[in-house]
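Note sheet for the following structure.
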Amino acid sequence: ISDTARYATFTASPIDIHKDGNFEIEFFDKNSNVVRYAYSYKGIRVSHISDLFYQNLSWFGKECKTFKIYNNSIRTVVLDSLKFSKDNRLSLSTSVPLPTNIKAGDSVTVTVCFTPQGDSTSLQSKLTAYFDCDYSSTISINGNVQAPQFVIEGYHFGKVRVGSKKCGT
């Protein structure tokens, strides 16, 4: 910084966004006057479940699971958005509209619903939570769909043979 400077700009990023840190700068002018700038960074500490599993869901069924995202920090954290990586059979709702501020010690309730809609393929997806300070966290979502091998609807066909065994009377 030159002796004629009137202002200075500093940019700093934490090495580990989860840990608290301090940023301090001291300025000395030619008369030995001191100006000190200090900033205390409070780390992001959030917690939630690591995975969701939907087991043996009927192919025309629906199952919803609810969990909470907790702010374990000593500062407010901004939950910007929640996004699925893929699979349009998933939907979600939150206890508050997003983006939202989660105060220290508070939480947001999230409900994730899986509706196979007749699609019998297994579920493999991820839900990513995006927070302020370019922080994100991921939850794995897996499941399987229980679907019959065939469906017969309509009229009674009388005696039916499936495989080598005779069925019906």
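The residues of the chain are indexed from 1 along the displayed sequence. Note that the coordinates shown come from a computational prediction; the quantities given were computed from them, not determined experimentally.
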Inset, instruction - Could you tell me whether the side chain of His18 and the main chain of Ile44 form a donor-acceptor pair under 3.5 Å? - result: yes
Legend entry - Donor-acceptor under 3.5 Å (Thr111 side chain, Thr66 main chain): no
Atom pairs and distances, donor-acceptor, side-chain atoms in residues 91-105, under 3.5 Å, two or more places apart:
residue: Thr94; atom: OG1; partner: Val96; partner atom: O; Å: 2.5
residue: Ser95; atom: OG; partner: Thr109; partner atom: N; Å: 3.1

Inset, instruction - Find out whether Ser58 and Gln146 are in side-chain contact, i.e. whether some heavy atom of one side chain is under 4.5 Å from a heavy atom of the other. - result: no
Inset, instruction - Report yes if the side chains of Thr76 and Lys42 come closer than 4.5 Å at any heavy-atom pair, otherwise no. - result: no
Legend entry - Ser125 backbone acceptor or donor facing Ser85 side chain under 3.5 Å: no
Inset, instruction - Give the minimum heavy-atom separation between Gly118 and Phe60, together with the two atoms involved. - result: CA-CE2, 3.6 Å
Legend entry - Spacing of Phe23 atom CZ and Ser40 atom OG [to the nearest 0.5 Å]: 12.0 Å
Legend entry - Heavy-atom side-chain contact between Phe114 and Leu52 under 4.5 Å: no
Legend entry - Approximate separation, where rounding is to 0.5 Å, of Asp106 CG and Lys68 NZ: 8.5 Å
Legend entry - Neighbour count above 12 (heavy atom, 6.0 Å) for Asp134 CG: no
Inset, instruction - Decide yes or no for Val112 and Ile139: does some side-chain heavy atom of the first lie under 4.5 Å from some side-chain heavy atom of the second? - result: no
Inset, instruction - State, with a plain yes or no, whether a side-chain heavy atom of Val145 is found less than 4.5 Å away from one of Arg89. - result: yes
Legend entry - Side chains of Phe67 and Leu127 in contact at under 4.5 Å (non-hydrogen atoms): yes
Legend entry - Flag, side chain of Tyr37 to backbone of Phe27, donor-acceptor distance under 3.5 Å: no
Inset, instruction - Treating Ile, Leu, Val, Met, Phe, Trp and Tyr as nodes and any side-chain heavy-atom pair under 4.5 angstrom as an edge, say whether Trp59 and Leu90 lie in one connected cluster. - result: yes
Legend entry - Phe84 side chain reached by Ile141 side chain, heavy atoms, under 4.5 Å: yes
Legend entry - For Asp119, all residues meeting side chain to side chain donor-acceptor pair (under 3.5 Å), sequence neighbours excluded: Thr121
Legend entry - Phe53 side chain reached by Leu123 side chain, heavy atoms, under 4.5 Å: no
Inset, instruction - Answer yes if Val46 and Tyr41 sit in the same cluster of Ile, Leu, Val, Met, Phe, Trp and Tyr residues linked by side chain heavy atoms under 4.5 Å apart, and no otherwise. - result: yes
Inset, instruction - Identify whether Val77 and Ile17 are in the same connected component of the hydrophobic contact network (ILVMFWY, side-chain heavy atoms under 4.5 Å). - result: yes
Legend entry - Electrostatic pair Asp51:Lys65 at N-O distance under 4.0 angstrom: no
Inset, instruction - Name all pairs fulfilling the disulfide bond (SG atoms under 2.5 Å apart) condition that reach into residues 32-64, sequence neighbours left out, sorted by first residue then second. - result: Cys64-Cys113
